[in-house]
There are 2 protein chains.
Amino acid sequence: MPERQSSRKDAIRNREAVLAAADTLFSRRESPEDVTMADVAAAAGVGKGTLFRAFGDRAGLLRALYEARLEPIRQAVETGPPPLGPATPPHDRVPALLDAVLCFKLDNRRLALALEEDGSSSPYRAEHYERWHSLLRAVLEQIPGLTDSDFTAHALLAATRADLVEHLAGEERMTREGMRAQLANFVTRVLASGPPQGLTAEE
Amino acid sequence: MPERQSSRKDAIRNREAVLAAADTLFSRRESPEDVTMADVAAAAGVGKGTLFRAFGDRAGLLRALYEARLEPIRQAVETGPPPLGPATPPHDRVPALLDAVLCFKLDNRRLALALEEDGSSSPYRAEHYERWHSLLRAVLEQIPGLTDSDFTAHALLAATRADLVEHLAGEERMTREGMRAQLANFVTRVLASGPPQGLTAEE
DNA sequence: CAACGATACGGACCGCCGGTCCGTTTTGCA
DNA sequence: TGCAAAACGGACCGGCGGTCCGTATCGTTG
């Protein structure tokens, strides 16, 4: 697993070049799978060997790109202000988190698609998914009257799957705001039904 | 698109043989993608040419298998008795439909996985998905106080995605009944919250 | 600054897989 | 039985992810 950073400046420069090239390629080309590793190498002005040494394999490159793009949001979630940050009350944080995920996928459609539909290993094993899931689960657990937090977290995240987002945005011509609104609505509905009888207490 | 049936008996026999071979191969092998077309052809005692002539391409074979397995459920949904059939009141039919989908995916894990994660074209374009979606949407539409039927149908179906099911059953060791119960719970929660303010009218 | 070991480079090369092609065989009709 | 149409099957192809190894570059040490 050659994922260790190198100190040599040519290595570092090449790594950057590859990342940049891959980024533009993925956002330009229609489908992620007609961006080949050779394409990326060529676009970065680099040999294939270099590319694979730097990132291990295709999934490694995708992961690196994804994590880089995800970093700001990760910050906002872990140490930022409400409504994403940890100080937010659960009822408000859950929709905010899911909205953030949705927006991220809208802004990085091709990339998310590439990462999720790469058959080599289930998206559910990716540790960025693990992060979202366990966070969401933890927050859900703080909402009184809500059971099955684990499954619920999965189910809610499933509503933001990259290919679904792609389908809604592309095929069904749904607008960004339309989607955000409907997802918000959906989340609300899931959270709304309180204990036994519908209570929806105003806070 | 060579999908048209042939009347020649060798063609028919071979088609059956391929279907059967593929079926057992997919249920035996760990991951769908280490069942190659050559494997299937060999197991069926048939040349690759025959296989591709009969089903067009890999996706075609998967689709044929899937549709065959789906047929009984399709019957039950279209013309069967409650709780799946058309006579069922919407509130009861929605959970029943989703439970049926879930059970189907549990019973055909590898196959569903193969079909959904085949990158060549989004699962949302498959017409069996279209069928489930439009049916579910239609039923949801009959539930008073429920908006966004289209999106809601997508979101509910997303909770039964094959790779999620696989993950829950495999990685998280969730039992069949556990999953069914949690999905039922989730569906209930989505349907429960009435119009704007929690109403949950008893029928 | 010279020299050298360590490290990275890059593109020819490999194995595999989905899909095609075409000479050969089977089928069923007259 | 003869014959055209249809199906057979496996050699073949193109392209992809990934590897290998001779070569070029780096940076460190005297």
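A, B, ... follow the sequence lines: proteins, then strands. Residue 1 opens every chain.
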(request) From the options C/dC17, D/dC8, D/dG27, select the nucleotide whose nearest atom is closest to the side chain of A/K9. (result) D/dG27
(request) Starting at atom CG of B/L61, determine the distance to atom C1' of C/dG19, rounded to an integer number of angstrom. (result) 14 Å
(request) Starting at CH2 of A/W132, measure out to OG1 of A/T160 and round the result to the nearest 0.5 Å. (result) 9.0 Å
(message) Distance check needed: C/dG18 P versus B/R53 CZ, whole Å only.
(response) 18 Å
(request) State, yes or no, whether a side-chain contact exists between A/Q182 and A/L168 at a heavy-atom distance under 4.5 Å. (result) no
(message) Using whole Å, what does the distance between atom C1' of nucleotide D/dG17 and atom CG of A/L62 come to?
(response) 13 Å
(request) Answer yes or no: is there a donor N or O on one side and an acceptor on the other, between the side chain of B/N108 and the main chain of B/F104, under 3.5 Å? (result) yes
(message) So if I take every side-chain heavy atom of B/R58 and compare against C/dG19, D/dG9, D/dC16, which nucleotide ends up nearest?
(response) C/dG19
(request) Specify the separation, in whole Å, of atom CZ of B/R15 and atom C1' of D/dA6. (result) 16 Å
(request) Return the value, rounded to whole Å, for the distance between atom CG of A/D57 and atom P of D/dT19. (result) 8 Å
(message) Side chain of A/N14 only, heavy atoms from C-beta on: which candidate in C/dG10, D/dG9, D/dA6 is closest?
(response) C/dG10
(request) For B/D10 and for B/A38, find the nucleotide of DNA chain C with the closest heavy atom, then tell me which residue's nucleotide is more 5'. (result) B/A38
(request) Nearest-nucleotide wise, let me know which of B/G49 and A/S7 is further upstream toward the 5' end of DNA chain D. (result) B/G49
(message) Applying the side chain to side chain contact (heavy atoms under 4.5 Å, CB included) criterion to A/K105, which one of A/E166, A/E116, A/M179 satisfies it?
(response) A/E116
(message) Whole angstroms only, please: what is the CG-C1' distance between B/L51 and D/dA11?
(response) 16 Å
(request) Identify whether the distance between the nearest side-chain nitrogen and carboxylate oxygen of A/R13 and A/E16 falls below 4.0 Å. (result) no
(request) To the nearest Å, give me how far apart CZ (B/F52) and P (D/dC13) are. (result) 17 Å
(request) Among C/dC17, C/dG10, D/dA7, find the nucleotide with the atom closest to the side chain of B/T36. (result) C/dC17
(message) Would you say A/T50 places a side-chain N or O within less than 4.0 Å of OP1 or OP2 belonging to C/dA8?
(response) no
(request) Looking only at side-chain atoms of A/K48, point me to the closest of D/dA7, D/dT19, D/dC12. (result) D/dT19
(request) Could you state the atom-to-atom distance from CZ of B/R29 to P of C/dC17 in whole Å? (result) 10 Å
(message) With a cut-off of less than 4.0 Å, is there a side-chain N or O of B/R8 near OP1 or OP2 of C/dT26?
(response) no
